[in-house]
Amino acid sequence: MGRYGPFPTAAGDGGGCLPLPIVAAEGALAVVDGAIAIAAFVQLARIHRHNQLQGWTRQKIFHLMIGLSNIVFLLYFVSTIIATCQRWICWVHGCGFVLMASPQILLLASFLLLLSFWVDLCHQTNDEDEEDVRSHREALLDRTKIKPGIHPVNIRRRCCPGIQLGSRQKFVILVLVLSFVVMFAFAILIWVGRGENPIDSSLLKRVYLDVFAVVVLVLGGALACYGALLFSKMSKVRSETVSTEKWKVASLAAVSLICFSSSAILALVTNVPVLLYWYSTDADIIYNAVILFVYYFIGSSVPSGFVLWIMRDLPHRQVVERPTESRVVTLFRERSSTTQDPQWRTAVTSSNKALKSSPI
């Protein structure tokens, strides 16, 4: 039987500090997450400098959220080692829980946002496609009547596709806010449970982690399902760009399913990460260190790093177009019969679909 306490007190543990194998696991995770955070913020800066005309695209948002998530993970791992040696009472009674749960929520929101975009792409209707064709024609005919780069269609389709929030993206924001509210509520109850009362702080942590693991498991399955559906739809489009994007979708869906399901199952069948102070023998210490490292590395580091690798390419540089002369507009109007040709409409629709089928 293992034991549980606010701080380790076994003989030879360095006067209350964590055992060396657990410190090594925490240190390795801190280095990995620190490297991922640096890579995310450096790439975010490169993307912004590459084209400062762009707003908050999906690529920038993902880099920001993944960078923040891994920075907080880094703080958590380092603080765990220091807080245990220094015997911070607040750490085991709420503060450590908040710092542990916050980066997990940010990472969950990042992949929920990705799922929302995939769902939008998979559930587009023919009416939306017809609307895109009409918007495209209006943009061609009225280019001299508006300032370049300010047309709503141009902004949504070319410049800042991620800045327009749909209902599903708003739902993700709501989930993010509610998750933090629930997390802080649990933290308050854990803090209250430190006194003489019926509240069991350890049980509250276990309940929270089990519920969160189920949510992560469902998220991994949803990403796999919609990734497969989106891959099937993109396979019907003949385009070199779409061909590249569909394999990115397939690989990201596979990695999400494997990583999230593995970490969720590991959390459900073990005491990760509550098992940090559960040990009575050297074998327990090594076992806990290995499980702890695998849980965080597979559940957060691998998905975060893979998303950064998938999004490593810089976006196309946005160029401000000069106003065209009126005679160009006349040419378009003289060929109105051509623009009404079904083949032209099909080509434009396919082009719009290809643009919208870039979910990464």
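Start at 1 with the first residue, then count along the sequence. Because the structure is predicted, anything quoted here is derived from the model rather than measured. Side-chain atoms are counted along with the backbone in the values below, which use heavy atoms only and exclude waters and symmetry mates.
Pairing each heavy atom of Ile298 with each of Cys259, the nearest pair is O-CB, 3.2 Å. Taking each heavy atom of Leu223 and Ala253 in turn, the nearest pair found is O-CB, 3.6 Å. What you find for Ala264 and Ala213 is that their closest heavy atoms are CB-O, 3.2 Å. The shortest non-hydrogen separation linking Leu266 to Ile291 is CD2-O, 3.9 Å. Taking all atoms of both residues into account, the shortest heavy-atom contact from Ile285 to Ile22 is O-CG1, 4.1 Å. Summarising the geometry of Pro303 relative to Phe111, their closest heavy-atom pair is CB-CZ, 3.6 Å, with the distance given to 0.1 Å.
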Between Val23 and Cys17, does a side chain to side chain contact (heavy atoms under 4.5 Å, CB included) hold up when you go through it step by step? CA-CA 9 Å; Val23 172; Cys17 295; 6.0 Å; no
Residues Thr57, Lys60; criterion side chain to side chain contact (heavy atoms under 4.5 Å, CB included); working and verdict: CA-CA 5 Å; Thr57 62; Lys60 291 183 179 181; 3.7 Å; yes
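Taking hydrophobic clusters as Ile, Leu, Val, Met, Phe, Trp and Tyr residues chained together by side-chain heavy-atom distances below 4.5 Å, Phe62 shares a cluster with Ile310. In the hydrophobic clustering of this structure, Phe171 groups with Phe180; members are Ile, Leu, Val, Met, Phe, Trp, Tyr whose side-chain heavy atoms approach within less than 4.5 Å, directly or through other members. Note: the hydrophobic cluster containing Leu114 does not contain Ile258 (ILVMFWY, side chain heavy atoms under 4.5 Å, direct or indirect links). Leu219 and Leu178 end up in different hydrophobic clusters when Ile, Leu, Val, Met, Phe, Trp and Tyr side chains are linked at under 4.5 Å. Connection of Val255 to Ile66 is established within a shared hydrophobic cluster, with ILVMFWY side chains joined at heavy-atom distances below 4.5 Å, either directly or through further cluster members.
How far OH of Tyr296 is from OH of Tyr76: 4.0 Å, rounded to the nearest 0.5 Å. In this structure, Leu99 CG and Thr80 OG1 are separated by 7.0 Å, a value rounded to the nearest 0.5 Å. Rounding to the nearest 0.5 angstrom, the gap separating the OG atom in Ser102 from the CG atom in Leu75 is 10.5 Å. Ser300 OG to Leu106 CG: the interatomic distance, rounded to the nearest 0.5 Å, is 12.0 Å. Atom CG in Leu108 sits 9.0 Å away from atom CE in Met65 (nearest 0.5 Å). In this structure, CE on Met183 lies 10.5 Å from CD1 on Ile190, to the nearest 0.5 angstrom.
Within the 4.5 Å cutoff, side-chain heavy atoms of Leu209 are placed close to those of Met100. Put simply, the side chain of Leu204 does not reach to within 4.5 Å of the side chain of Phe97, judged on heavy atoms. Within the 4.5 Å cutoff, no side-chain heavy atoms of Asn70 are placed close to those of Pro103. Looking at heavy atoms from C-beta onward, Tyr287 lies in side-chain contact with Thr270 at the 4.5 angstrom threshold. Counting heavy atoms from C-beta outward, Trp88 and Cys95 have side chains that stay 4.5 Å or more apart. Two residues are said to be in side-chain contact when any heavy atoms from C-beta on lie closer than 4.5 Å; Phe73 and Gln104 meet this criterion. Contact check for Ser251 versus Phe306: side-chain heavy atoms found under the 4.5 Å cut-off. Taking 4.5 Å as the limit, every side-chain heavy atom of Leu44 sits out of range of all side-chain heavy atoms of His48.
Under the rule for a salt bridge (charged side-chain N to carboxylate O under 4.0 Å, His left out), the partners of Arg168 that lie at least two apart in sequence or sit in another chain are Asp120.
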When the side chains of residues 34-43 are checked against the rest of the protein, which donor-acceptor pairs come out under 3.5 Å, sequence neighbours left out?
residue: Gln43; atom: OE1; partner: Arg46; partner atom: NH1; Å: 2.5
residue: Gln43; atom: NE2; partner: Arg312; partner atom: O; Å: 2.8

